[in-house]
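The structure appears right after this line, and notes come after that.
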There are 2 protein chains.
Amino acid sequence: MPTKHDVERFFSRGHRQYVPHLSVDCVIFGFHDGDLKLLLLKWKNSDIWVLPGGYVRWRESLDAAAHRVLRERTGLRRLYLKQFHAFGGMDRREGDIRRLFATLGVTAPRTAWPLERVVSIGYYALVDFSKVRPKGDYLSDRCEWCPIEVRPRLAFDHDVIATTALDSLRESLDAGTLEASLLPARFTMPELQRLHEAILGRSLDRRNFQKRMLERRVVERLSLRRAGGAHRSPFLYRFAASRSR
Amino acid sequence: MPTKHDVERFFSRGHRQYVPHLSVDCVIFGFHDGDLKLLLLKWKNSDIWVLPGGYVRWRESLDAAAHRVLRERTGLRRLYLKQFHAFGGMDRREGDIRRLFATLGVTAPRTAWPLERVVSIGYYALVDFSKVRPKGDYLSDRCEWCPIEVRPRLAFDHDVIATTALDSLRESLDAGTLEASLLPARFTMPELQRLHEAILGRSLDRRNFQKRMLERRVVERLSLRRAGGAHRSPFLYRFAASRSR
DNA sequence: CCAAAAGTGTTGCAATTACACCCATGC
DNA sequence: GCATGGGTGTAATTGCAACACTTTTGG
């Protein structure tokens, strides 16, 4: 548990550990129950939700910082991670950041480094929902998956960041290897289809979808079926190691 | 002309004007003589070439900083500008930056702010070659267009930045309005085609290209022809105000 | 036996590709 | 008049979208 002293120390000493004026924010996508979800944090003693993020250490690349944030929040070391945009407006934080720290009982000194202008590098990550163990940081009391359609309003410009991330994800969807990170090793064709539909935000034709996935060797069918469902047992598939297109 | 004193002042006082650890680098594309070109700077007293770039002022968004850099180097106020990637490795500058300042006769103090870690936000710009009046900054003695295929080696990680910019440009080529920024108000169909070929790095079928451009209403034909060429006079075209696709 | 989900094949359209001929101009 | 580049049309192919029937399973 962070004490008031910890937070005050962060204000006074944090710039020795972190590059000031710079942060990474991570839009973490998961897929469960047919819905695309985001991993969000709720700040302590408030209803303020934010994207997981963090500062960049002095001897750490941007990518490494994003990986570290991801690891801290999800427990995962390897995942699909992509930088998609830098957010560098001037009025992105000033107002909110004081409120946030006020809820912790800390009045930020006027000259504190986190109150100054910050440019945030946006990353989005695709993770296997079932492998993630959400874990908040010391400023948050909740760390949860929220369906992307019905998520809480986010602080700062984090709604813009999340929306931009989804747009970026949509654009690079048909590249191929991408969805592998959002699903477990074995999955059914309808599951894969619903993932695509969740990302694209529209429904697809079942038959054409299956045909494309198989013709392009995106996935390989296993000789197993998933039993236990209410209807005909679907085949299981896995992503192909190498593909033609 | 900058004096040694100016540069020393920049080292000691620059952080009052600029956000430290942050810069913008601009990959400026122009099109002339059938070649895609980059606007590059050569540092004084050296053979070191770099991309035009600059620091970000305290009360200036990233986009505004990039626009300012573009205006300073090209004289243009309105142009196509797009942020495409943030470069945040740790070893991007340290070695080179000391050499660069050494050529100016300035030995950088160990603790100078420009020697610390810098994250650079990459922008690419598309400009009308004929309207640009290249103008170097006070650290450079040349500011020139270089064909993208035969350009000098660039310092820092600027070759990576330039290559990434071209990749990004290629991806968003067929969006449409983009090429308008690289050509004068009136142009011929072969000129437009060669621009596309220069961006894509491959040749296109003349007939199919013309068909697409006209069918999709990307361009409008004017009732003028360009005389003076050695062969049949080609029609002139302009970009259509609004297009179907 | 039937509702609901999963698997498969066919057909048509639209967009892209490939390709051949005519026209204008300067030398 | 001929070489060179500019303008136009047509056939073939490919990729995608629309669509109907059969199979399996639990209740």
Side-chain angles (χ1 to χ4, degrees), chain A residues 33-35 170-171 173-176 179 183-184 186-238 240 243-245, chain B residues 31 33-35 170-176 179 183-184 186-238 240 243-245:
Chain A
D33 274 345
D35 278 330
R170 276 183 189 154
E171 279 176 18
L173 178 58
D174 57 314
E179 322 90 300
L183 290 172
R186 294 173 178 190
F187 50 88
T188 67
M189 192 59 78
E191 283 167 359
L192 179 61
Q193 181 179 343
R194 271 188 281 276
L195 168 58
H196 277 247
E197 289 174 338
I199 293 174
L200 294 174
R202 63 190 174 88
S203 58
L204 302 169
D205 183 278
R206 194 166 56 85
R207 304 159 282 227
N208 294 332
F209 181 80
Q210 173 143 334
K211 212 187 320 165
R212 255 206 318 279
M213 291 297 125
L214 291 174
E215 275 174 2
R216 291 189 187 171
R217 311 282 177 84
V218 175
V219 295
E220 291 170 356
R221 175 179 292 180
L222 305 173
S223 48
L224 299 167
R225 289 165 176 269
R226 168 162 297 167
H231 308 289
R232 179 177 184 174
S233 308
F235 283 104
L236 286 173
Y237 297 82
R238 69 174 173 210
R243 287 180 324 292
S244 58
R245 195 198 141 157
Chain B
F31 183 67
D33 272 344
D35 280 329
R170 275 184 189 150
E171 279 176 18
S172 47
L173 177 59
D174 56 313
E179 321 90 301
L183 290 172
R186 295 173 177 189
F187 50 89
T188 67
M189 192 60 77
E191 283 166 1
L192 179 61
Q193 182 179 342
R194 272 188 280 277
L195 169 57
H196 277 246
E197 289 173 339
I199 293 175
L200 294 174
R202 62 189 173 92
S203 58
L204 301 169
D205 184 278
R206 197 165 55 87
R207 303 158 282 229
N208 295 332
F209 181 80
Q210 171 142 336
K211 214 189 317 168
R212 254 206 319 281
M213 292 296 126
L214 291 173
E215 276 173 3
R216 291 188 189 171
R217 311 281 177 84
V218 175
V219 296
E220 291 169 357
R221 174 178 293 179
L222 305 173
S223 46
L224 299 168
R225 289 165 177 266
R226 168 162 299 165
H231 307 289
R232 179 177 183 174
S233 309
F235 283 105
L236 287 173
Y237 298 82
R238 67 174 175 211
R243 286 181 326 291
S244 59
R245 195 195 142 160

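Source: prediction; values computed, not measured. Letters go in sequence order (proteins before strands), and every chain restarts at 1.
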Options C:dG7, D:dG9, C:dA4, nucleotide nearest the side-chain atoms of B:Arg207: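 Nearest nucleotide to the side chain: D:dG9.
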Protein-nucleotide distance ([X], atom [atom1]; [N], atom [atom2]), rounded to Å:
X	N	atom1	atom2	result
A:Arg202	D:dC16	CZ	C1'	11 Å
A:Arg206	D:dT22	CZ	P	14 Å
A:Met189	D:dT24	CE	C1'	17 Å
B:Leu192	D:dG7	CG	P	12 Å
B:Leu204	D:dG6	CG	P	15 Å
A:His231	C:dG7	NE2	C1'	15 Å
A:Leu236	C:dG7	CG	C1'	14 Å
B:Gln193	D:dG7	CD	P	11 Å

Could you say whether A:Asp205 or A:Pro190 is positioned toward the 5' end of DNA chain C, judged by the nucleotide with the nearest heavy atom to each?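 Closest to the 5' end, via its nearest nucleotide, is A:Pro190.
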Any protein N or O atoms within reach of nucleotides 10-12 of chain C? Criterion: under 3.5 Å, listing atom names and distances.
| residue | atom | partner | partner atom | Å |
| --- | --- | --- | --- | --- |
| C:dT10 | O4 | A:Lys211 | NZ | 3.1 |

Can you name the nearest heavy-atom pair linking A:Thr188 to A:Glu191, along with the distance?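 Heavy atoms of A:Thr188 and A:Glu191 come nearest at N-OE1, 3.0 Å.
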Out of curiosity, [X] [atom1] to [Y] [atom2], how far, rounded to the nearest 0.5 Å?
X	Y	atom1	atom2	value
A:Arg206	A:Met189	CZ	CE	11.5 Å
B:Gln210	B:Leu192	CD	CG	10.0 Å
B:Glu197	B:Asp35	CD	CG	11.5 Å

Report yes if a donor N or O on one partner sits less than 3.5 Å from an acceptor N or O on the other, where the partners are the side chain of A:Arg232 and the base of C:dA6; otherwise report no.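 Yes, the side chain and the base share a sub-3.5 Å donor-acceptor pair.
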Are A:Gln210 and C:dG7 close enough that a side-chain N or O sits under 4.0 Å from OP1 or OP2?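 Yes, such a contact exists.
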For B:Phe209, ring-ring contact (aromatic ring centres under 6.0 Å, His included) partners two or more places apart: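 B:Phe209 satisfies ring-ring contact (aromatic ring centres under 6.0 Å, His included) with B:His196 only.
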Residues which pass ring-ring contact (aromatic ring centres under 6.0 Å, His included) with A:Phe187, listed by chain and number, not counting sequence neighbours: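 A:Phe239.
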Identify whether any heavy atom of B:Ser233 sits under 4.0 Å from a base atom; if not, whether one sits that close to sugar-phosphate; answer base, sugar-phosphate or nothing.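 Sugar-phosphate: the residue B:Ser233, judged by heavy atoms under 4.0 Å, touches backbone atoms but no base.
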With a 6.0 Å cut-off (strictly less than), is the heavy-atom count around CZ of A:Arg186, excluding the residue itself, greater than 12?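 Count not over threshold, so no.
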